[in-house]
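Working notes for the structure below.
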Amino acid sequence: MRSVKSLLAAGAATLISSVAFAADMPIAAPPPMYAPPAPPADFGGWYLRGDIGMTNQSAKRIESTLPAGFTRTTEGLGFDSSPLFDLGVGYRFNNWFRADVIGQYRGKANLHGSDNVVGPGFVGVNNYSGSKSEWVVMANAYVDLGTWWCVTPFIGAGVGGSYNKISGFRDDGVSYNPLLNNSVAYFADSGKWNFAWAAHAGLAYKVNPGFTVELAYSYMNLGDAAPGNYRLFDNSASGPTSIKIKELTSHDVKLGVRWDLNSPPAYVPPPPLVTKG
């Protein structure tokens, strides 16, 4: 009996000493709270771009020298569609503004149209045919309007120069004065540089941080164009031409890609807190 009492007394003493030791221990501080990462700063960098598309071109009128008292009415002046290709390099200044410089080739587009000419005792028609192509160098600036589900609408504008070339130009004429006359004039190929400008709008889809696909529309004003010297089919006359094709414009639809040459810095979370037990 005495041994049982001694065992109970020893157990009670041990329990009391353990509680007292635990009360004397300091309470561990909670782990530190990490603040959420700051939003990433605007990121800029160089990029390459390329586009393919189709043109829908037109001209305002054809001009040429007429004798006094003669008038002209232009009918059916226009061009067939043609492909376009361009390459460029650009720089993104921040998340909303970027700029690039492109070189663009616009393929040959067949030309068609006619002039009805009326004068004292004269009536005639000139039927025109040929083709037109351009080389364009242009600097563009764009404003990105925000991003939703990886899609960014944008608008932009550009200025530059366009080398407009007229090839295979031909004038088939029929006149009555008062006799019926037919004539055919051939014109040498010729090109010239003009001031050009453009307006852009479109949607960009970011496939990954370094690659973006664009679907865009561009309105292009390419200036004027003119064929070279003329020669009548029977060599009865030749010389410089007075014909000019005025105010070439185009509505273009393009599919493009952009490759970023710099990748934005990735956010690395802080290492987890490690405590020693």
Side-chain angles (χ1 to χ4, degrees), residues 31-57 81-107 134-163 194-223 248-273:
M33 299 294 292
Y34 288 112
D42 283 356
F43 173 75
W46 293 97
Y47 63 85
L48 300 177
R49 70 169 303 122
D51 299 270
I52 60 173
M54 293 296 295
T55 70
N56 182 17
Q57 306 177 79
S81 295
S82 69
L84 66 84
F85 314 90
D86 65 50
L87 294 173
V89 60
Y91 188 82
R92 172 179 290 280
F93 293 89
N94 49 47
N95 285 339
W96 60 271
F97 182 73
R98 55 190 168 89
D100 56 44
V101 176
I102 64 166
Q104 182 180 87
Y105 175 71
R106 306 168 64 85
E134 296 92 15
W135 285 98
V136 178
V137 178
M138 185 164 286
N140 303 289
Y142 307 90
V143 176
D144 292 327
L145 303 177
T147 300
W148 296 267
W149 300 284
C150 298
V151 177
T152 303
F154 63 87
I155 57 174
V159 294
S162 177
Y163 182 79
N194 294 264
F195 173 76
W197 61 271
H200 314 289
L203 298 173
Y205 178 76
K206 186 175 284 295
V207 179
N208 58 50
F211 183 71
T212 302
V213 177
E214 288 184 2
L215 178 63
Y217 160 82
S218 294
Y219 172 81
M220 303 282 289
N221 187 304
L222 303 166
L248 302 171
T249 59
S250 183
H251 300 273
D252 301 339
V253 177
K254 301 181 294 182
L255 181 65
V257 293
R258 282 188 272 131
W259 296 272
D260 290 337
L261 300 181
N262 309 90
S263 296
Y267 170 72
V268 179
L273 179 67

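In this text, all values refer to a predicted model and were calculated from it rather than measured experimentally.
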Main-chain N/O of Asn262 paired to Asp260 side chain as donor or acceptor, under 3.5 Å: no
Pairing residues for Asp86 by the salt bridge (charged side-chain N to carboxylate O under 4.0 Å, His left out) criterion, not counting sequence neighbours: none
Distance-minimising heavy-atom pair for Trp149 and Tyr205: O-CE1, 4.1 Å
Met138 and Ile102, any side-chain heavy atoms less than 4.5 Å apart: yes
Ring pair (Phe, Tyr, Trp, His ring centres under 6.0 Å) against Tyr47, all qualifying residues, sequence neighbours excluded: none
Heavy-atom closest pair, residues Gly107 and Ser82: O-OG, 3.2 Å
Gap between atom CD of Glu134 and atom CG of Leu84 - 0.5 Å precision: 10.0 Å
Pairs involving residues 201-211, ordered by first then second residue, that meet salt bridge (Lys or Arg N to Asp or Glu O under 4.0 Å) (sequence neighbours left out): none
Passing candidate, side-chain hydrogen bond (donor to acceptor under 3.5 Å, both in side chains) with Asp252, options Arg106, Gln57, His200: Arg106
Heavy-atom side-chain proximity of Asn95 to Asp144 below 4.5 angstrom: no
Listed partners of Thr212 passing side chain to side chain donor-acceptor pair (under 3.5 Å), at least two apart: none
Criterion side-chain contact (heavy atoms from CB on, under 4.5 Å) on Val137 and Trp135, from CA distance to verdict: CA-CA 7 Å; Val137 178; Trp135 285 98; over 6 Å; no
Validation row, ring centre Tyr219 to ring centre Trp197 under 6.0 Å: yes
Under 3.5 Å donor-acceptor, Ser81 side chain and Thr55 backbone: yes
For the student: nearest non-hydrogen atoms of Ser162 and Leu222, plus distance: OG-CD2, 3.7 Å
By side chain to side chain donor-acceptor pair (under 3.5 Å) - contacts of Tyr217 (at least two apart): His251
Distance in Å, Tyr91 OH paired with Arg98 CZ, rounded so as to fall on 0.5 Å steps: 14.5 Å
Residue list, salt bridge (charged side-chain N to carboxylate O under 4.0 Å, His left out) with Arg258, at least two apart or on another chain: Glu214
Minimum heavy-atom distance between Asp100 and Gly90, given as atom pair plus value: CB-CA, 3.5 Å
